[in-house]
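So the structure is just underneath, and the comments pick up after that.
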Amino acid sequence: MSITSVSGTVPNTDRIEDLPEDGATTPSGIDTAELGAILLGRWPEARKAARERAKDPRFHSQYNQSFQQQRETTFQQLQLLRDAGPAKMGVPDYVGGTLNPGANLSAFEELVLADPSLQIKSGVQWGLFGSAVLNLGTKEHHLRWLPGILDLEIPGVFAMTEIGHGSDVSSIGTTATYLPETDEFEIHTPFKAAWKDYLGNAAVHGKAAAVFAQLIVKGVNHGVHCLYVPLRDDDGNFLPGVGGEDDGRKGGLNGIDNGRLHFDHVRVPRFNLLDRYGAVDENGEYSSPIPSPGRRFFTMIGTLVQGRVSLDGAAVIANQAALSIAVRYAEQRRQFTTDSDIREQTLLDYQRHQRRLIPRIAETYAMTFAHQQLLDKFHEVFSGEDDSDGNRQELETLAAAFKSLSTWSALDTLQEAREACGGAGFMAKNRLVELRADLDVYVTFEGDNTVLLQLVAKRLLNDYSAEFKNADIGVMARYVADRATEAGFNRSGLRKLTQAFSDSGDARKSVNALRDPDAQRALLTDRVQTMVGDVADELRAVARKSRTEQAEAFNRNQHKLIEAARSHGRLLQWEAFTAGLEKVQDPDTKRVLTWLRDLFGLSLIEADLHWYLAYGRLSMRRGRALEEYVNRLIARLRPYSLQLVDSFGLSPELLRAEIGGTVEAERQAEAEEYYRHLRASGDAPVKEAKPAKDPGAQTRGHHA
């Protein structure tokens, strides 16, 4: 049995407000083949091959095992993945690869459909440990270690995070001190807060680690560098000076053996310093192609950005899976009779259910198009197409923004989808609860989301300040005047959106203005610029004061800065969605996707409506009209919901959720057939008659 959209749900077009905005007829449907091809992005073959692997039961999650058994199962799956060879797309030809970074990450992201533990385990091995050797080492390091890393002879650990400085990597306590008498580095964790923690592969499987430490040469600390450090012998025993603990069972991702590591004056050869950006020669002299310690640090950390890029992609796919399950179920599940005593209503015909799912479909499309842009940028940098410093900084900022928004969205969407499926959503066989548990940690690893948004905010502040770097006194005076009178806002063309209507408050004209893409862009952009400008003004006022006063001012504005960064990321997603519309050729598909883009943009404005009203960016009349129009837009999109999620291309074999197939439609058909036969037989019981109304009841109740 196939799942089809429920008939009779095309939006009412008797009212002028409900007509399609371009005056065209209601679209007959979506070209899911064309749209699906667009959503696969620039490396469709890599994604398709990964999805075929994800259908193989040998790669599937095994949640019914103990966490110790899950670890061994995941390691066996990793060996199967090694044999399939996708990791070789990420390395150069001289170590047996093809160096196609975009294809490599595209395939990696799809692993979340098979087993998130396998995805992250492979990410630790090849995406973190392997990438540290590849991107921070030289060709000699590559030839020495990458073959063993690729074929799993050297299961590895990415040892950056410390208990005491999780997100503050520049302040880590582990040291790597150069010993000229033996031409070695001595790795040491001087106190417990410097222990490396939450490390995949550390508890059981890791034989070596990429260890990040403060590099000390001749009494000078040159900042954080990375060294290759052996951990265990072939029997799995720690080498002398190396110690560790098992982190044990976690809230999710229990196929990964997370653990702690510490080092007691462990010595490694000078060669083990991954010295692409900072080297020590045979005379004990330190040198670096990047003189600035700060820039050097961010360059080294920036080479490892692929973890954030891939988590963004995995979160997008998790959203697609959750919504595919929830929408397919909502198209089949019937509950309560409304306009019929015989046939119950499907869940997706209820406005509240539409409100729960359809805006999240819009958000997921925006995230998908945004991730495609991020992946293109990543490929430019790491394939060498454009490895400029500016492009690297742009990549770091985009990755920080999108990873934060998409991983938070994944948790929200998985939870909402779970609730929207009722008790069925809570059953493990329908995957939603287990996916949510596994993806929970995505919001805090590879960079805590709040910290990452602060990084984005600082970039926005720097860009804002750069506009005035060479400004003379006259320019600054005009800027201050503009800020005081909002003259700059008036010139932007936004002012017309804030005016109350002189045309008797025509609601149609109100929403016409809001669904104009230029108006949406202007409103979303102005929120970011205004928030950043407000903070910049406050920080500029204390620029010549003490460091303590400057720090206090920054802390006072931290919340506003993070909200500005969040809004900036959403603006970029909206722009990516808008750019993605240009790829669509089929006119009906493009019209539906335009509505979906409008829903995303207007939902963002609706979520922050208090701000737009408080700052006078929208009138109260238009603010009130916004909710009604969003509801109409959702109703207009309702008939296409199933086609929109089908375009994600996630078959029942990939979703592996009972309610993501046709089981509920079959149950409903069986029940409907039963009642049809029962009515036709004449044996159907009659309903109990309502008792006659007692005319004296109201009087007696009143006197009582």
Side-chain angles (χ1 to χ4, degrees), residues 39-54 59 78 81-82 84-92 97-116 118-135 146 149-150 158 200 301-321 367-387 391-392 394-407 410 439 442 445-447 452 576 648-649:
L39 295 177
L40 284 173
R42 182 173 166 184
W43 295 276
E45 296 309 316
R47 290 195 182 277
K48 290 177 183 177
R51 290 184 179 185
E52 283 303 309
R53 281 192 293 273
F59 290 114
L78 192 65
L81 192 62
R82 169 204 61 195
K88 292 185 178 179
M89 291 188 290
V91 297
T98 57
L99 195 60
N100 190 336
N104 180 43
L105 254 62
S106 295
F108 169 77
E109 293 160 3
E110 299 290 339
L111 279 172
V112 74
L113 295 169
D115 182 3
L118 174 60
Q119 183 200 34
I120 300 305
K121 182 95 168 173
S122 68
V124 170
Q125 176 67 19
W126 297 311
L128 291 176
F129 177 57
S131 286
V133 174
L134 175 64
N135 294 312
L146 281 180
I149 293 171
L150 289 169
F158 185 76
I301 299 301
T303 62
L304 306 169
V305 72
Q306 77 177 53
R308 294 170 186 171
V309 176
S310 59
L311 289 187
D312 175 50
V316 170
I317 294 169
N319 265 26
Q320 293 177 355
M367 286 164 45
T368 301
F369 286 119
H371 179 68
Q372 289 180 359
Q373 292 187 351
L374 177 61
L375 201 53
D376 285 347
K377 182 74 67 176
F378 172 81
H379 186 77
E380 286 177 7
V381 170
F382 286 91
S383 68
E385 289 178 8
D386 182 358
D387 191 13
N391 214 32
R392 279 183 175 268
E394 186 71 16
L395 171 62
E396 292 167 18
T397 306
L398 288 175
F402 291 162
K403 181 265 183 185
S404 300
L405 296 183
S406 64
T407 54
L439 265 70
Y442 283 35
F445 82 156
E446 290 300 309
L452 290 181
F648 295 145

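Just so you know, these numbers use all the heavy atoms, side chains as well, and skip hydrogens, waters and symmetry mates. As the structure is a computational prediction, the values presented were derived from the model and not from experiment. Numbers here simply count residues along the sequence, with the first being 1.
Nearest heavy atoms, Asp115 versus Phe59: CB-O, 3.5 Å. Considering every non-hydrogen atom in both Gly41 and Pro44, the closest pair reads O-CD, 3.4 Å. Nearest heavy-atom pair across Pro116 and Leu439 is CG-CD1, 4.3 Å. Shown here for Gln306 and Phe378, the closest heavy-atom pair between the two residues is CB-CE1, 3.3 Å. Scanning all heavy atoms of the two residues, the minimum distance from Val124 to Gly200 falls at CG1-O, 3.6 Å. Here the closest heavy-atom approach between residue Met89 and residue Ala103 is recorded as CE-O, 3.7 Å.
Looking at heavy atoms from C-beta onward, Leu311 lies out of side-chain contact with Ser406 at the 4.5 angstrom threshold. Inter-residue side-chain proximity for Ile149 and Leu134 is flagged as unmet; no heavy-atom pair is nearer than 4.5 Å. Here the side chains of Leu375 and Arg42 are not in contact, with every heavy-atom distance at 4.5 Å or above. Between Met367 and Asp312 there is no side-chain heavy-atom pair separated by less than 4.5 Å. Two residues are said to be in side-chain contact when any heavy atoms from C-beta on lie closer than 4.5 Å; Glu446 and Leu128 meet this criterion. In this structure, Asn319 and Phe648 have side chains that are not in contact, with every pair of non-hydrogen atoms separated by 4.5 Å or more. In this structure, Lys403 and Leu452 have side chains that are in contact, with non-hydrogen atoms separated by less than 4.5 Å. Side chains of Val91 and Trp126 form no contact here, defined as non-hydrogen atoms less than 4.5 Å apart.
Note that the CD atom of Glu380 and the CG atom of Asn391 stand 5.0 Å from one another [nearest 0.5 Å]. Expressed to the nearest 0.5 Å, how far CZ of Arg308 lies from CZ of Phe402 amounts to 14.5 Å. With values rounded to the nearest 0.5 angstrom, Leu395 atom CG is found 11.0 Å from Thr303 atom OG1. Rounded to the nearest 0.5 Å, atoms CG (Leu40) and OG1 (Thr368) are 10.5 Å apart. Summarising the geometry, atom NZ belonging to Lys88 is positioned 10.0 Å from atom CZ belonging to Arg82; distances are rounded to the nearest 0.5 Å. Between Phe369 atom CZ and Leu374 atom CG the span is 15.0 Å, to the nearest 0.5 Å.
Residue pairs meeting the side chain to side chain donor-acceptor pair (under 3.5 Å) criterion with at least one partner in residues 98-109, sequence neighbours excluded, are Trp43-Asn100, Arg47-Glu109, Glu109-His371.
Between Glu110 and Arg51 there is a salt bridge, since at least one side-chain N of the basic residue sits less than 4.0 Å from a carboxylate O of the acidic one.
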Begin from the C-alpha positions of Val309 and Phe382 and carry the test side chain to side chain contact (heavy atoms under 4.5 Å, CB included) through to its verdict. CA-CA 12 Å; Val309 176; Phe382 286 91; over 6 Å; no
Would you please test Arg392 and Val305 for side chain to side chain contact (heavy atoms under 4.5 Å, CB included) and show each step? CA-CA 9 Å; Arg392 279 183 175 268; Val305 72; over 6 Å; no
